[in-house]
Amino acid sequence: YKTKGILHSLMCALLNIDQKALIVYGDVFFDHIVIERLIDSPEDITIVVDANYNLKHRVPGKTAELVVGSVKPQRLRRSIHNNTLLTVKNIGPSVKPDEAEYEFSGIMLLSKKGVKIFKDIYRESKRRYGKKLFNGDRVFDKSFASSLLQEIINRGHPVHYLEVNSGWMEIHSI
């Protein structure tokens with residue numbers, strides 16, 4: 001983890017996993033309601049995205065994992081989102097901040113088939129990209145999980161998202 005990116009660490013964790021997997025980045029707190037909504041997803045790959053993404057709230061020096069979805073979010077101060085899952089169009093550090101509609105929370109659910117897709121495309125991408133830039137982000141070994149999610153989309157597999165506007169928080173510093 002000291003010399004490689006979060007995607008590499010995630011793949012170490014998934015090495016012996018071949019069943020449904022809930023993945024949560026280590027610097028994320030979340031409300032159980034978010035997970036309860038996510039765990040019911042019938043899709044192979046489902047991520048949690050925050051509809052409150054705003055350019056003004058970016059943390060200086062931190063690369064945001066941004067998302068463009070199939071539907072524009074409702075920017076309401078208070079809203080209840082239904083459990084309809086929509087599809088991601090673009091995700092990752094290569095999404096331009098002024099085009100982003102959501103922020104990836106670092107929470108995702110992979111079905112058994114989703115785990116296989118994730119691992120297969122990771123292995124193929126590692127062979128293909130090696131030390132090259134991966135989805136315009138960084139070299140493959142130092143890339144984000146969202147860069148692999150974009151590769152999955154590029155290869156024709158849908159990535160679905162569950163929209164929230166609260167219920168999670170990322171720790172940025174001590």
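- Residues Y161 and S70 come closest through the heavy atom pair OH-N, 3.5 Å.
- Taking the six-membered ring where the residue is Trp, Y129 and F140 present parallel rings, their angle staying beneath 30° rather than reaching 60°.
- Enclosure of atom NZ in K89 is not indicated, since only 12 or fewer non-hydrogen atoms of other residues, nucleotides or ligands lie within 6.0 angstrom.
- Side-chain N or O atoms of N135 include one that pairs as donor or acceptor with a backbone N or O of S147 at under 3.5 Å.
- The shortest non-hydrogen separation linking F104 to V48 is CD1-O, 3.7 Å.
- Residues R123 and D120 are paired through a salt bridge, judged by an N-O separation under 4.0 Å between the basic side chain and the carboxylate.
- Two residues are said to be in side-chain contact when any heavy atoms from C-beta on lie closer than 4.5 Å; M11 and L7 meet this criterion.
- Shortest non-hydrogen contact noted between T46 and S41 is OG1-OG, 2.5 Å.
- A donor-acceptor contact shorter than 3.5 Å is absent between the side chain of T87 and the backbone of P158.
- Nearest heavy atoms, L109 versus K20: CD2-CE, 3.7 Å.
- In terms of modelled atom types and a separation under 3.5 Å, the side chain of D50 and the main chain of E103 share no donor-acceptor contact.
- Using a 4.5 Å cut-off between side-chain heavy atoms of Ile, Leu, Val, Met, Phe, Trp and Tyr, with links allowed through other members, I33 and M108 fall into different hydrophobic clusters.
- Remark: the backbone N or O of L149 is not paired with any side-chain donor or acceptor of S146 at under 3.5 angstrom.
- Using a 4.5 Å heavy-atom cutoff, the side chains of E151 and S143 are not in contact.
- Within the 3.5 Å criterion, the main-chain N or O of I91 finds a donor-acceptor partner in the side chain of Q150.
- For the pair F134/D141, no side-chain contact is recorded, criterion being any heavy-atom separation below 4.5 Å from C-beta on.
- Heavy atoms only, all atoms of each residue included: K142 and R138 are closest at O-CD, 3.1 Å.
- Linking Ile, Leu, Val, Met, Phe, Trp and Tyr whenever their side-chain heavy atoms come within less than 4.5 Å puts I39 and L86 in one cluster.
- What you find for L110 and L14 is that their closest heavy atoms are CD1-CD1, 4.3 Å.
- Side-chain contact between I121 and R155: present, with at least one pair of heavy atoms (C-beta onward) separated by less than 4.5 Å.
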